[in-house]
Peer 1: 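Sharing a structure, written as structure tokens. Questions coming.
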Amino acid sequence: MVLERSETLRAAGVGIIMQPNGWRALDRLGVAAKLRQTCTEIPSRVFISVAEGKCRESELPLGKGELRCLKRMELMKALTEELPVESVYLGCRAVSIVLDPLTSNPLLQLHDGTLIKAKIVIGCDGVNSIISKFVGVNSPKLFSRCATRGFTYYEGAHSFGDKFRFYSTNDVTLGQLPVTDKLVYWFLTRVLTSQDLSDAKKDPTYITKASLEAIKGFPEEIVELVKNTEPKALYLTELRYRAPWDLVHAKFRKGTVVVAGDAMHAMCPFISQGGGASLEDAVVLARCLSEKLKQATEGGGNRLVEEALDEYVRERRMRVFWLSLQTYFMGLAQDNTSKVKKALGIAGLILVFGDQRSHTDYDCGRL
């Protein structure tokens with residue numbers, strides 16, 4: 001059973017930047033070929049420094065393998081189509097979970113009072129996960145920046161080509177990359193304000209105004225890109241993350257309950273690995289469970305399931321730690337609220353992550 005809290009398969013999140021490690025996972029899941037037909041391959045990355053209305057451009061290393069930007073809805077649709085009929089239940093929000101004192105199996109309570117008796121619960125319920133609190137993962141921390149994301153549609157082909165462009169000033173970063181020849185995804189990170197934490201963050205008018213204010217002095221085509229984004233394709237979110245050092249000793253499993261995705265390793269978007277890492281989780285977890293569940297038919301039930309979940313946690317722990325640490329340093333390097341934090345971030349990236357694209361070389365293995 002897949003329990004989705006929304007009444008529909010949500011499009012929220014707009015675009016998901018999928019790097020080589022993510023595409024390897026999608027290939028293992030059997031949906032990569034279908035998804036490649038929905039998006040343009042991106043052959044190069046460019047960094048553009050913006051100062052006093054002038055731009056200075058330099059090439060950035062791309063890494064090995066393919067880079068594309070997926071529409072979140074396309075990814076959700078492709079994965080859902082591979083599931084058995086009627087296995088996805090919409091409008092189901094978990095509010096609590098306990099272990100049955102007699103069987104040690106999970107008991108999951110939904111918002112409408114429904115009680116679900118399960119053998120295994122996999123919590124993929126996001127950064128504010130009920131399941132992660134149950135297994136004992138520390139609450140996520142609020143970062144000093146926020147992110148705006150949007151899609152801009154063009155009736156004719158857009159003029160941006162197939163490059164992934166980063167525009168940067170002292171305190172604002174804007175990324176822009178094509179999804180198709182008529183659709184462009186963009187994201188913007190800037191300093192978080194108190195208004196960004198209020199109800200204003202849901203108001204498209206405020207989001208557009210704050211974004212345009214942040215990119216004053218940027219090239220006119222980028223200003224138009226932001227201006228022309230449809231309100232329903234515009235999202236502003238505060239950035240929350242699980243501290244890298246918390247992941248080293250965190251308890252990701254309790255009984256036959258385990259976490260994955262943002263519920264396990266919520267991270268800021270600075271190296272674009274949230275989606276790819278979550279797909280890696282899926283492949284590794286499926287592999288670990290399938291091997292033990294074959295043995296469980298002969299006896300050993302919960303003990304074998306717990307062994308499988310422990311194996312999954314062992315395999316994922318250091319991978320998500322290094323991703324989270326690199327993301328954390330990258331965020332500090334963009335933080336202009338503190339010279340000390342900025343210096344720490346830059347030093348960390350140089351000393352620990354000499355090859356800053358190596359995180360895309362990871363292979364989660366076969367199912």
Peer 1: Around atom NZ of Lys342, are there more than 12 heavy atoms from other residues, nucleotides or ligands closer than 6.0 Å?
Peer 2: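 Above 12, so yes.
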
Peer 1: Does Asp125 offer a backbone N or O that forms a donor-acceptor pair with the side chain of Arg5 under 3.5 Å?
Peer 2: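 Side chain of Arg5 to backbone of Asp125, a donor-acceptor pair under 3.5 Å: yes, one is there.
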
Peer 1: Just checking Glu81: does its CD atom have more than 12 heavy atoms from other residues, nucleotides or ligands closer to it than 6.0 angstrom?
Peer 2: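 Counting other residues, nucleotides and ligands, CD of Glu81 exceeds 12 neighbours.
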
Peer 1: Is there a donor-acceptor pair under 3.5 Å between the side chain of Arg190 and the backbone N or O of Ala214?
Peer 2: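 No; zero donor-acceptor contacts below 3.5 Å.
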
Peer 1: More than 12 non-hydrogen atoms from neighbouring residues, nucleotides or ligands closer than 6.0 Å to CG on Asp355, yes or no?
Peer 2: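 Yes, CG of Asp355 has more than 12 neighbouring heavy atoms, counting only those of other groups under 6.0 Å.
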
Peer 1: Evaluate Trp186 against Thr229 for side-chain hydrogen bond (donor to acceptor under 3.5 Å, both in side chains), listing each step before the verdict.
Peer 2: CA-CA 10 Å; Trp186 62 270; Thr229 299; 2.8 Å; yes

Peer 1: Carefully, step by step, assess Val258 and Tyr312 under the rule side chain to side chain contact (heavy atoms under 4.5 Å, CB included).
Peer 2: CA-CA 9 Å; Val258 76; Tyr312 154 74; 3.7 Å; yes

Peer 1: Going by atom types alone, do Asp162 and Thr40 pair a side-chain donor with an acceptor below 3.5 Å?
Peer 2: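 No, no side-chain donor-acceptor contact under 3.5 Å.
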
Peer 1: In Å, rounded to the nearest 0.5 Å, how long is the span from CZ of Phe270 to CD of Gln334?
Peer 2: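 Rounded to the nearest 0.5 Å, the CZ-CD separation comes to 5.0 Å.
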
Peer 1: Apply side chain to side chain donor-acceptor pair (under 3.5 Å) to Arg28 and list each qualifying residue two or more places apart in sequence or on a separate chain.
Peer 2: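 Partners of Arg28 under the side chain to side chain donor-acceptor pair (under 3.5 Å) test: Asp363.
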
Peer 1: Looking at every heavy atom in both Thr173 and Ser168, which two are closest together, and how far apart are they?
Peer 2: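 Smallest interatomic distance, heavy atoms only, reads OG1-OG, 3.9 Å.
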
Peer 1: Between Glu82 and Lys34, is there a salt bridge with N-O shorter than 4.0 Å?
Peer 2: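 Salt bridge present between Lys34 and Glu82.
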
Peer 1: Report the C-alpha separation of Leu108 and Leu115 in whole Å, then their side-chain angles, then the decisive distance to 0.1 Å, and conclude whether the side chain to side chain contact (heavy atoms under 4.5 Å, CB included) test is met.
Peer 2: CA-CA 6 Å; Leu108 190 68; Leu115 193 64; over 6 Å; no

Peer 1: On a heavy-atom basis, which atom in Gly150 and which in Val14 lie closest, and how many Å separate them?
Peer 2: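 Closest heavy-atom pair between Gly150 and Val14: C-CG1, 3.8 Å.
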
Peer 1: Under the 3.5 angstrom rule, does the side chain of His158 hit a backbone N or O of Thr180 as a donor-acceptor pair?
Peer 2: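 It does hold such a pair.
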
Peer 1: Please report the interatomic distance CZ(Arg165) to CG(Leu177), rounded to the nearest 0.5 Å.
Peer 2: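 So the CZ of Arg165 and the CG of Leu177 are separated by 10.5 Å.
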
Peer 1: Check the pair Phe151 / Val184 against side chain to side chain contact (heavy atoms under 4.5 Å, CB included), numbers first and verdict last.
Peer 2: CA-CA 6 Å; Phe151 275 139; Val184 175; over 6 Å; no

Peer 1: What's the shortest heavy-atom distance between Asp112 and Thr114, and which atoms?
Peer 2: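 Of all heavy-atom pairs spanning Asp112 and Thr114, the closest is OD1-OG1, 2.9 Å.
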
Peer 1: Does Arg317 reach the main-chain N or O of Ala250 with its side chain, forming a donor-acceptor pair under 3.5 Å?
Peer 2: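 Yes.
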
Peer 1: Under the 6.0 Å and 45° cation-pi test, does Arg149 pair with Tyr185?
Peer 2: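 Ring-cation test returns no.
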
Peer 1: Do the charged groups of Glu315 and Arg287 touch, with an N to O distance under 4.0 Å?
Peer 2: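 Salt bridge flag = yes for Arg287 with Glu315.
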
Peer 1: With rounding to the nearest 0.5 angstrom, report the CE to CG distance, Met330 to Leu349.
Peer 2: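 The CE atom of Met330 sits 5.0 Å away from the CG atom of Leu349.
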
Peer 1: Are the side chain of Arg68 and the backbone of Cys39 linked by a donor-acceptor contact shorter than 3.5 Å?
Peer 2: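 Yes; judged by distance alone, with no hydrogens or angles, the pair exists.
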
Peer 1: Taking Phe321 as the starting point, is it possible to reach Phe252 by hopping between hydrophobic residues whose side chains are less than 4.5 Å apart?
Peer 2: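 Not linked; separate clusters.
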
Peer 1: Is Asp310 salt-bridged to Arg253, going by a charged N under 4.0 Å from an acidic O?
Peer 2: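 Yes.
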
Peer 1: Using a strict 4.0 Å threshold on nitrogen-to-oxygen distance, state whether Glu280 and Arg316 make a salt bridge.
Peer 2: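 Answer for the salt bridge query: yes.
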
Peer 1: So, Arg56 side chain and Phe47 main chain: donor-acceptor pair closer than 3.5 Å or not?
Peer 2: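 It does not hold such a pair.
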
Peer 1: Over 60° means perpendicular and under 30° means parallel, so classify the ring planes of Tyr328 and Tyr241, tilted if in between.
Peer 2: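 Tyr241 and Tyr328: tilted rings.
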
Peer 1: Which atom names give the shortest non-hydrogen contact between Lys119 and Pro106, and what distance separates them?
Peer 2: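 Closest approach of Lys119 to Pro106, heavy atoms only: O-CD, 3.7 Å.
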
Peer 1: Heavy atoms, side chains only, cut-off 4.5 Å: are Pro178 and Ile42 in contact?
Peer 2: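 Side chain of Pro178 against side chain of Ile42, heavy atoms only: contact under 4.5 Å found.
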
Peer 1: Please lay out, stage by stage, how Gln19 and Arg357 fare under the test side-chain hydrogen bond (donor to acceptor under 3.5 Å, both in side chains).
Peer 2: CA-CA 10 Å; Gln19 301 182 87; Arg357 299 296 298 165; 2.8 Å; yes

Peer 1: Just distance, no hydrogens or angles: give the donor-acceptor pairs under 3.5 Å from side chains in residues 131-138, sequence neighbours left out.
Peer 2:
{"from": "Ser132", "atom 1": "OG", "to": "Ser129", "atom 2": "O", "distance (Å)": "3.1"}
{"from": "Ser132", "atom 1": "OG", "to": "Ser129", "atom 2": "OG", "distance (Å)": "3.4"}
{"from": "Ser132", "atom 1": "OG", "to": "Arg242", "atom 2": "NH2", "distance (Å)": "3.4"}
{"from": "Asn138", "atom 1": "ND2", "to": "Asp246", "atom 2": "OD1", "distance (Å)": "3.4"}
{"from": "Asn138", "atom 1": "ND2", "to": "Asp246", "atom 2": "OD2", "distance (Å)": "3.4"}

Peer 1: Not counting sequence neighbours, list each pair that qualifies as a side chain to side chain donor-acceptor pair (under 3.5 Å) and has a residue in residues 213-223.
Peer 2: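 Non-adjacent pairs meeting side chain to side chain donor-acceptor pair (under 3.5 Å): Glu213-Lys216.
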
Peer 1: Determine whether Asp361 and Asn21 satisfy the following criterion, side-chain hydrogen bond (donor to acceptor under 3.5 Å, both in side chains), listing intermediate values before the conclusion.
Peer 2: CA-CA 6 Å; Asp361 296 336; Asn21 56 298; over 6 Å; no

Peer 1: Taking atom CD of Gln176 and atom OG1 of Thr152, what is their separation to the nearest 0.5 Å?
Peer 2: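 Result: 9.5 Å between the selected atoms.
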
Peer 1: If hydrophobic clusters are built from ILVMFWY residues whose side chains come within less than 4.5 Å, do Val352 and Ile346 share one?
Peer 2: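 Looking at the clustering, Ile346 is in a separate group from Val352.
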
Peer 1: For residues Leu323 and Leu285: do they belong to one hydrophobic cluster (side chain heavy atoms under 4.5 Å, members Ile, Leu, Val, Met, Phe, Trp, Tyr)?
Peer 2: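 No; tracing contacts between hydrophobic side chains, which count when under 4.5 Å, never links both residues.
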
Peer 1: Side chains of Thr193 and Asp196: do they bring a donor and an acceptor to under 3.5 Å?
Peer 2: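 Distance-only check passes for Thr193 and Asp196.
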
Peer 1: Quick one: closest heavy-atom pair of Pro140 and Asn128, and the distance?
Peer 2: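 It is CG-OD1, 4.3 Å.
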
Peer 1: Give the minimum heavy-atom separation between Val50 and Cys55, together with the two atoms involved.
Peer 2: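 For Val50 and Cys55, the tightest heavy-atom pair comes out as CG2-SG, 4.1 Å.
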
Peer 1: If I take atom CD1 from residue Ile215 and atom NZ from residue Lys227, how far apart are they, to the nearest 0.5 angstrom?
Peer 2: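 Answer rounded to 0.5 Å: 9.0 Å.
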
Peer 1: Side-chain heavy atoms nearer than 4.5 Å, only ILVMFWY residues, links allowed to pass through others: does that put Ile17 and Val179 together?
Peer 2: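 Yes; tracing contacts between hydrophobic side chains, which count when under 4.5 Å, links both residues.
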
Peer 1: Using a strict threshold of under 4.0 Å (side-chain N to carboxylate O), is an ion pair present between Glu74 and Arg72?
Peer 2: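 Answer for the salt bridge query: no.
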
Peer 1: Under the salt bridge (Lys or Arg N to Asp or Glu O under 4.0 Å) rule, what do Arg36 and Glu66 come out as? Steps first, then yes or no, please.
Peer 2: CA-CA 10 Å; Arg36 287 185 178 103; Glu66 64 188 304; 2.6 Å; yes

Peer 1: Please check if the side chain of Thr208 supplies one atom and the backbone of Thr205 the other of a donor-acceptor pair under 3.5 Å.
Peer 2: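 Checked: no pair found.
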
Peer 1: Indicate the ring-plane relationship of Phe218 and Tyr167, choosing parallel, tilted or perpendicular according to the 30° and 60° boundaries.
Peer 2: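 Geometry flag for Tyr167 against Phe218: tilted rings.
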
Peer 1: Under a 3.5 Å distance rule, please check whether Glu52 uses its side chain to pair with a backbone N or O of Lys54 as donor and acceptor.
Peer 2: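 A pair under 3.5 Å: no.
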
Peer 1: Are Glu306 and Lys292 ion-paired here, with the side-chain N under 4.0 Å from a carboxylate O?
Peer 2: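 No salt bridge links Glu306 with Lys292.
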
Peer 1: Main chain of Gly274, side chain of Ser278: is a donor-acceptor contact present, judged purely on distance under 3.5 Å?
Peer 2: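 Pair found, side chain donor or acceptor close to backbone of Gly274.
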
Peer 1: For Lys201, does the NZ atom sit with more than 12 other heavy atoms under 6.0 Å from it, leaving out its own atoms?
Peer 2: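 More than 12 heavy atoms, drawn from other residues, nucleotides or ligands, come within 6.0 Å of this atom.
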
Peer 1: Distance check, rounded to the nearest 0.5 Å: Cys146 atom SG versus Arg240 atom CZ?
Peer 2: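 Reported to 0.5 Å precision, the distance equals 12.0 Å.
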
Peer 1: Any link between Leu83 and Leu90 through a network of hydrophobic side chains (Ile, Leu, Val, Met, Phe, Trp, Tyr) touching at under 4.5 Å?
Peer 2: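 Yes.
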
Peer 1: Looking at His111 and Arg93, would you say the former's side chain and the latter's main chain have a donor-acceptor pair under 3.5 Å?
Peer 2: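 Indeed, once roles are kept as given, a pair shorter than 3.5 Å links the two residues.
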
